[in-house]
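Here's the structure, in structure tokens; my notes come after.
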Amino acid sequence: MLGINRRNTHYVLPHNQRKYYPLADDKVLTKQIAAQAGAAVPELYGVIETHRNIRTLADIVANREEFVIKPAHGSQGKGIVVVAGRSGTEYRQADGAVVSEADMAFHISNILSGVFALGGQPDKAIIEYRVQFDPVFDDVAFQGVPDVRIIIFFGVPVMAMVRLPTRASGGKANLHKGAIGAGIDISSGRTLSAVSGNAIVAEHPDTGRSISGLEIPHWPRLLDIAARTYEMTQLGYQGVDIVLDRERGPLILELNARPGLNIQIANRAGLAPRLEAVSRDRSEIVTIEDRVAYCQQYFKSTFA
């Protein structure tokens, strides 16, 4: 298993130049580079960068019933508000809670002040399209949108999982808040058993439906997207989070220059041997097609 110290000293620090971190840490920049590379992202409705411009929210969402507000430099799902409907000047969140216009303005003010940002630096508020998740997840997600996390090393996808929202996580695909993490056989795109905290689980706690054996839609396309992120950022070791919209297909949600390690528990496999294999064979894995073929051939799961 790969520990955090080894991750940092052997993979993050040597292979991720700090000048490229903003491409992953700033969600606005991530959208720009993804679009330039031809990858789809949730549509950006607007960006609020100053406290004076908080008043422009009403204009940005004037004709929209649903949208998402998030910090550009947030992490672990902090500061994200999902609006599922509106009534006058009030906003109804995905969990049914109603937020007033004044409370929403206060929340955006907190975003701008860096309350949810990495390092607490001043931030920007992003207003974007609310993803409508693929129906394959109807029975294994509670309220929120599942996402697929893929770890990539020099453009080679090495491990993947899907994060499934639960009641305990407040409908967010956040493992730290109680979401379920299900490993994915990177060769076939089928889910394996899952983890809740540090416990292996077979069923979703809110729906009682089996988690293993789901076939993730568009799997070859997801691997292709993951393999292309190296050219987008020049980060040797990174993670990409992809959501599956029922109409628009795979969308890059964000990139991460320091992806967490719980993915190993979900897959019941360590990252270290896979990363070492890529290091050994890197000179022979040249094209994007090579990278996808390599991961499917050598990183097939050994358990179901």
Side-chain angles (χ1 to χ4, degrees), residues 1-18 20-27 29-30 33-34 39 41 70-78 80 116-119 145-164 169 172-177 179-184 186 192 194-195 197-198 216 222-223 225-243 250-279 291 295 299:
M1 298 287 281
L2 183 69
I4 192 167
N5 288 337
R6 187 177 178 189
R7 181 202 69 176
N8 292 341
T9 58
H10 284 64
Y11 300 105
V12 174
L13 292 176
H15 303 303
N16 291 357
Q17 293 186 52
R18 185 156 295 276
Y20 296 127
Y21 274 45
L23 299 177
D25 291 343
D26 187 324
K27 295 178 179 60
L29 288 178
T30 297
I33 63 171
V41 296
K70 62 173 62 172
H73 293 91
S75 65
Q76 299 181 359
K78 296 176 182 178
I80 296 176
F116 310 107
L118 293 166
V145 178
D147 65 29
V148 175
R149 161 69 61 85
I150 303 177
I151 303 293
I152 310 106
F153 189 45
F154 285 111
V156 179
V158 293
M159 194 169 283
M161 71 174 172
V162 59
R163 298 182 292 194
L164 304 168
S169 71
K172 294 182 178 181
N174 186 326
L175 299 185
H176 298 282
K177 293 183 177 295
I180 300 295
I184 300 175
I186 208 163
L192 309 167
V195 62
N198 291 320
I216 304 298
L222 266 69
L223 290 180
I225 290 171
R228 293 176 185 274
T229 58
Y230 179 50
E231 279 74 22
M232 291 184 201
T233 65
Q234 298 302 307
L235 294 170
Y237 183 85
Q238 64 183 322
V240 60
D241 297 337
I242 303 172
V243 289
L251 306 173
I252 290 182
L253 191 63
E254 61 182 77
L255 299 169
N256 193 319
R258 318 163 196 79
L261 300 172
N262 283 350
I263 194 170
Q264 299 175 107
I265 302 174
N267 280 272
R268 295 196 218 175
L271 277 164
R274 301 187 184 192
L275 298 172
E276 290 165 2
V278 173
S279 294
R291 300 171 197 165
C295 75
F299 302 148

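These numbers come from the heavy atoms of this one structure, side chains and all, not from hydrogens, waters or symmetry mates.
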Do any side-chain atoms of residues 269-277 form donor-acceptor pairs under 3.5 angstrom with protein atoms, and if so which ones, sequence neighbours left out?
unit_1, atom_1, unit_2, atom_2, d
R274, NH1, V158, O, 2.7
E276, OE2, R6, NH2, 2.6

(message) As an exercise, state the distance from CG of N262 to CG of L175, rounded to the nearest 0.5 Å.
(response) 5.5 Å

(request) Please check if the side chain of N267 supplies one atom and the backbone of A160 the other of a donor-acceptor pair under 3.5 Å. (result) yes

(request) With sequence neighbours excluded, tell me which residues meet side chain to side chain contact (heavy atoms under 4.5 Å, CB included) with A194. (result) I180, A182, V201, I211

(request) Measure across I151 and G260 and return the closest heavy-atom pair with its distance rounded to 0.1 Å. (result) CD1-O, 4.4 Å

(message) According to salt bridge (charged side-chain N to carboxylate O under 4.0 Å, His left out), who are the partners of R228, at least two apart in sequence or on a separate chain?
(response) D224

(request) May I have all residue pairs that pass side chain to side chain donor-acceptor pair (under 3.5 Å) and include part of residues 230-242, sequence neighbours excluded? (result) R149-D241, R163-D241, T229-Q238, E231-R291, T233-Q238

(request) Mind checking the CD1-CD1 spacing from I263 to I265? Nearest 0.5 Å is all I need. (result) 11.0 Å

(message) Quick check: closest heavy atoms across G181 and A266, and the distance to 0.1 Å?
(response) O-CB, 3.6 Å

(request) Working to the nearest 0.5 Å, report the span between CG of L23 and CG of N16. (result) 11.0 Å

(request) Can you measure from CG (L192) to CE (M161) and round to the nearest 0.5 angstrom? (result) 12.5 Å

(message) Which residues pass the ring pair (Phe, Tyr, Trp, His ring centres under 6.0 Å) test with H15, not counting sequence neighbours?
(response) F153, F154

(request) Taking only Lys NZ, Arg NE, NH1 and NH2, and the carboxylate oxygens of Asp or Glu, determine whether D25 and R258 approach each other closer than 4.0 Å. (result) yes

(message) Tell me every residue that passes side chain to side chain contact (heavy atoms under 4.5 Å, CB included) with A72, counting only those two or more places apart in sequence or in another chain.
(response) D26, V28, D123, K124, I126

(message) Just to verify, what does A39 make a side chain to side chain contact (heavy atoms under 4.5 Å, CB included) with, not counting sequence neighbours?
(response) A34, M232, I252

(request) To the nearest 0.5 Å, tell me how far I152 CD1 sits from C295 SG. (result) 10.5 Å

(request) Using salt bridge (charged side-chain N to carboxylate O under 4.0 Å, His left out) as the criterion, list what pairs up with R7, not counting sequence neighbours. (result) none

(request) Measure across L261 and L2 and return the closest heavy-atom pair with its distance rounded to 0.1 Å. (result) CD1-O, 3.3 Å

(message) Pair V240, L255 - check side chain to side chain contact (heavy atoms under 4.5 Å, CB included), show working.
(response) CA-CA 5 Å; V240 60; L255 299 169; 3.5 Å; yes

(request) Report the distance from atom CD1 of I242 to atom CG of L253, rounding to the nearest 0.5 Å. (result) 9.5 Å

(request) Could you tell me which non-hydrogen atom of A257 sits nearest to which non-hydrogen atom of L235, and how far apart they are? (result) CB-CD1, 4.0 Å

(request) Of all the heavy-atom pairs spanning I80 and P71, show the shortest one and how long it is. (result) N-CD, 4.3 Å

(request) List the atom of P250, the atom of I225, and the distance in Å for their closest heavy-atom pair. (result) CB-CD1, 3.8 Å

(message) Using the side chain to side chain contact (heavy atoms under 4.5 Å, CB included) criterion, which residues pair with S169? Sequence neighbours excluded.
(response) P165, T166, K177, A179

(message) Could you work out, with salt bridge (charged side-chain N to carboxylate O under 4.0 Å, His left out) as the rule, every residue matching K172, not counting sequence neighbours?
(response) none

(message) So, using side chain to side chain donor-acceptor pair (under 3.5 Å) as the criterion, who are the partners of K27 when residues are at least two apart?
(response) none

